[in-house]
Participant: 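This is the structure, below, for whatever I ask next.
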Amino acid sequence: MTDSVFSLEIDEQKLAVVTIDVPGEKMNTLRDSFADDLQALLTDAKQQSVKGMVFISGKSDNFIAGADVKMLDNVEKREDALAISELCHRAFFDMKKLPFPTVSAIHGPALGGGLEFALACDYRVCTDSDITKLGLPEVQLGLLPGGGGTQRLPKLVGLQKALEWTLTGKQIRAKQAKKSGLVDDCVPQTVLLRVAKEFALKGKAKASKPKLDRLSQLLESNPFGRNIIFKKAQENVLKKTGGHYPAPLAIIKAIRASVELDELKAYKTEAEGFATLVMSSESKSLRGIFFATTEMKKEWRNEDAPAITKTAVLGGGLMGAGIAHVSAVKAGVPVRIKDVAEQGISNAMNYSYKILDKKQKRRILSKADLQQTMNKITGTTNYSGFKHIDLVIEAVFEDLSLKQGMVADVERECQDNTIFASNTSSLPISQIAAQAARPENVIGLHYFSPVEKMPLVEIIPHEGTSQETIARIVNFARKQGKTPIVVKDKAGFYVNRILAPYVNEAANLLLAGEPIEKIDAALVEFGFPVGPLALLDEVGIDIGSKIAPILEKELGDRFKAPDAFSRLIDAKRLGRKTGRGFYLYDKKSKKVDESVYELLGVSPSPRLNKSEIAKRCVSQMLNEAARCLDEGIIASPRDGDIGAIFGIGFPPFLGGPFSYMDKLGADKVSSEMATFANYNAVFAPCAPLVAMADTGASFYQVTPVQHAKPANQQEVVQDDVTATKSPTVTTNDTDNEQLDEENTPVLATDSEEVAESDTADSSKEKK
Ligand SMILES: NC(=O)c1ccc[n+]([C@@H]2O[C@H](COP(=O)([O-])OP(=O)(O)OC[C@H]3O[C@@H](n4cnc5c(N)ncnc54)[C@H](O)[C@@H]3O)[C@@H](O)[C@H]2O)c1
């Protein structure tokens, strides 16, 4: 068994302790050789007449973090995917049928295939450590747990919990795992092995019922009650996903089979569902996003760049408050907030306090931790305490001369190497740095609102930004839990640049008489979490109107916002923040404010169907994305896809604008744009897209280096991305925000989470 991931030791009590240790990897994952290894192990153990078997990880901080997702990319036919699931089923049945008891001793993550492995044991014991997390996150990759997870989990924790956990991909902490019956015991790490061995000596586990409260018991124990549960689950899923994701429905079907069909048929339902999902374009897109973000974590890394240990934020408004929050909470550094008004400082501090207080009330955070974090955030109306700050992030009003003044202040008040990062939405960084004495320290760092929920940040070096500044900012953004994309310094950067023409088109449609709800519904049906006009209301119509002229001046007429919109601003209809925009807002609901039509001089007269409306808006976004790639605003189609998904909420199941264009084909995309251009020249497909249509090329076929790169990228030390470790269904990386329950942009089943993480420059804060 020398090459096996399992090593077997038998103690004096004839108990086998099996250490799981994938050679040469930080994390244990289930590879394709695992079933053979397991088979060999079990045969060996049986021959040695062991009395019980404990599985424990050889890694210090993880049990089994998941199955190797890369393996699925080699699957060409549905039958091959089916074979993978069936192989897992057989291997886990072999474990179940052993004549002696088996126990999983879990410390660290046991996720996906890792938890399915543990579920196939008679007992599970876990440590009470914070890093111990159990879950079946396959839905986040458009899959279902294909190793018996949909069958065994409901039997342990009940139908409702099993549905909730598998449909959200939630990771369960140790205490909750014990309370729900998912594990048999939860103990300190020092006694994990001893307690696991005690379970192994208990004999085979007898089938027991899940620990449920009376109502759940009542519902789950009869067909009528179960029918209500499944119906409700299906309704919720369809409401949240708009029917765009097949995985949640397949999960419900498989879990339903676990209680309604005999074992053989039920496991078959799971395997069939798994096979279909592996081949689905939705799962391929979600897996693509996962691989991309894994790859991106390796880029622009420079371990030698001096760490940022003290930060300051200028402006305690909406953005400043969010930036201060993630700096203190995620990056764990002290933050000094400077505002012109005391009110700004207290608003920003309250912002953090409210979020932390909610966590404390939910017992995710202790009172002491809350206090400790709040102690990191301090405020000032002058520059006191700025002397030793490493990084100042500016989030004052969108005004060039004000921002230039801030650069001068920071150069006067701080160190020679203090970085000045601007959160401007649209102003070129070179202009902000134009009068800087130390332009090498100036960089753009563009967050999205709400900052604590949005995973993306755009990093914008100008021509004179130093390599060290870029590296320090990339490192710091990651510490804040963000996925950074480094983009070229041109007005609007990438995300707002592709967003603006899309929103403008929605505005044009409105002015042509299309009703507001219809336009928004069209784009929600397409897969966006909110429609463009609702988004503009969230962002603030005034904010949009400040950005539009900058983009128009720098990039051309296609960015011109409709003149009629100034009437909305004059009438103080700025969107949600003033209670009125396109919609009227009260505490709980919103409805279209009919008087807006009169104000804009429009009488609603629907002419287009929703699919045409969506096509027109999306075309504008795709065309601009293609231009951005051609101009080197983004370094690769991959960065463009991730930026659009994590920054705007471009439908993850479509894989991002570039993957989507590749799926449609450049010729189709370009000819559709040409048709639209017949009535508005702004739609004319850009030259690179036309050229691709002529040659039949696709974005992902063109290697990234053939596109221009953002300033400075060539010289920065990058890892060889081809050497990226195979990703797994999940990881326990600290920067695994993309896949955790708090912040799940690719989580198909929780569109509320997606909706919260979708608005570029939005001022909404839902939770
Ligand atoms: N709102 C968004 O969704 C969003 C998203 C990304 C970027 N941005 C950009 O972030 C910046 C801030 O936006 P916001 O929405 O937080 O604005 P805001 O109006 O909510 O906050 C601005 C804050 O800056 C303070 N301020 C003004 N002058 C100052 C000075 N001289 N020194 C210190 N503080 C000063 C104000 O008192 C106010 O508290 C803008 O450049 C904006 O374009 C906004």
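Ligands are counted one by one from 1 in listed order, and the atoms in each one are counted from 1 as well. Numbers here simply count residues along the sequence, with the first being 1.
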Participant: Please confirm whether M406 comes under 4.0 Å of ligand 1, counting heavy atoms of the residue only.
Facilitator: yes

Participant: Decide whether an N or O pair under 3.5 Å exists between T424 and ligand 1.
Facilitator: no

Participant: I need the atoms of ligand 1 closer than 4.0 Å to a non-hydrogen atom of G315, numbered in the order shown.
Facilitator: 23 (C), 24 (O), 25 (C), 33 (C), 34 (N)

Participant: Looking only at distance, does M319 have an N or O less than 3.5 Å from an N or O of ligand 1?
Facilitator: yes

Participant: Determine whether the aromatic ring centres of residues F658 and F650 are separated by less than 6.0 angstrom.
Facilitator: no

Participant: Are any of the heavy atoms in V340 under 4.0 Å away from ligand 1?
Facilitator: yes

Participant: Would F448 count as a contact of ligand 1 if the rule is a heavy atom under 4.0 Å away?
Facilitator: no

Participant: Please list, in number order, the atoms of ligand 1 under 4.0 Å from a heavy atom of S425.
Facilitator: 6 (C), 7 (C), 8 (N), 9 (C), 42 (C), 43 (O), 44 (C)

Participant: Check whether any side-chain heavy atom of V487 lies under 4.5 Å from a side-chain heavy atom of I459, and answer yes or no.
Facilitator: no

Participant: Are L427 and ligand 1 in contact, using a heavy-atom cut-off of under 4.0 Å?
Facilitator: no

Participant: For E413, give me all partners under salt bridge (charged side-chain N to carboxylate O under 4.0 Å, His left out), at least two apart in sequence or on another chain.
Facilitator: none

Participant: Could you tell me whether L314 and ligand 1 have an N or O pair separated by under 3.5 Å?
Facilitator: no

Participant: Can a non-hydrogen atom of A341 be found less than 4.0 Å from any atom of ligand 1?
Facilitator: no

Participant: State whether the side chain of R497 and the backbone N or O of G492 hold a donor-acceptor pair below 3.5 Å, judged by distance alone.
Facilitator: no

Participant: Does N423, backbone or side chain, put an N or O under 3.5 Å from an N or O of ligand 1?
Facilitator: yes

Participant: Centre-to-centre under 6.0 Å for F582 and Y597, is that the case here?
Facilitator: no

Participant: Please identify which atoms of ligand 1 are closer than 4.0 Å to at least one heavy atom of H446.
Facilitator: 6 (C), 7 (C)

Participant: Check whether any side-chain N or O of S352 sits under 3.5 Å from a backbone N or O of M349 as a donor-acceptor pair, and report yes or no.
Facilitator: no

Participant: Report yes if K403 has an N/O atom closer than 3.5 Å to an N/O atom of ligand 1; otherwise report no.
Facilitator: yes

Participant: Please say whether S449 places an N or O atom under 3.5 Å from an N or O atom belonging to ligand 1.
Facilitator: no

Participant: Scan for side-chain hydrogen bond (donor to acceptor under 3.5 Å, both in side chains) pairs involving residues 517-533, sequence neighbours excluded, and state none if there are none.
Facilitator: E514-K518, D520-Y583, E525-K610

Participant: Go through it in stages, so that I can follow the logic: the residues are Y494 and D639, the test is side chain to side chain donor-acceptor pair (under 3.5 Å), and I'd like the CA-CA distance, side-chain angles, deciding distance and then a yes or no.
Facilitator: CA-CA 10 Å; Y494 172 64; D639 284 6; over 6 Å; no

Participant: For ligand 1, find out whether one of its N or O atoms is nearer than 3.5 Å to an N or O atom of L318.
Facilitator: yes

Participant: May I ask which of V396, I393, T380 has a heavy atom nearer to atom 35 (C) of ligand 1 than the others do?
Facilitator: V396

Participant: Looking at ligand 1, does any of its N/O atoms fall within less than 3.5 Å of an N/O of Y447?
Facilitator: no

Participant: Taking atom NZ of K591 and atom CG of D593, what is their separation to the nearest 0.5 Å?
Facilitator: 8.0 Å

Participant: Report, in ascending order of atom number, the atoms of ligand 1 lying under 4.0 Å from any heavy atom of K338.
Facilitator: 32 (N), 33 (C), 34 (N)

Participant: Just to be sure I read this right, does ligand 1 sit under 4.0 Å from the backbone of V539, its side chain, both, or neither, counting only heavy atoms?
Facilitator: neither

Participant: So, for Y660 and F653, is the gap between ring centers shorter than 6.0 Å?
Facilitator: no

Participant: With rounding to the nearest 0.5 angstrom, report the NZ to OG distance, K490 to S426.
Facilitator: 14.5 Å

Participant: Tell me if the centroids of the rings in H446 and F448 come within less than 6.0 Å of each other.
Facilitator: yes

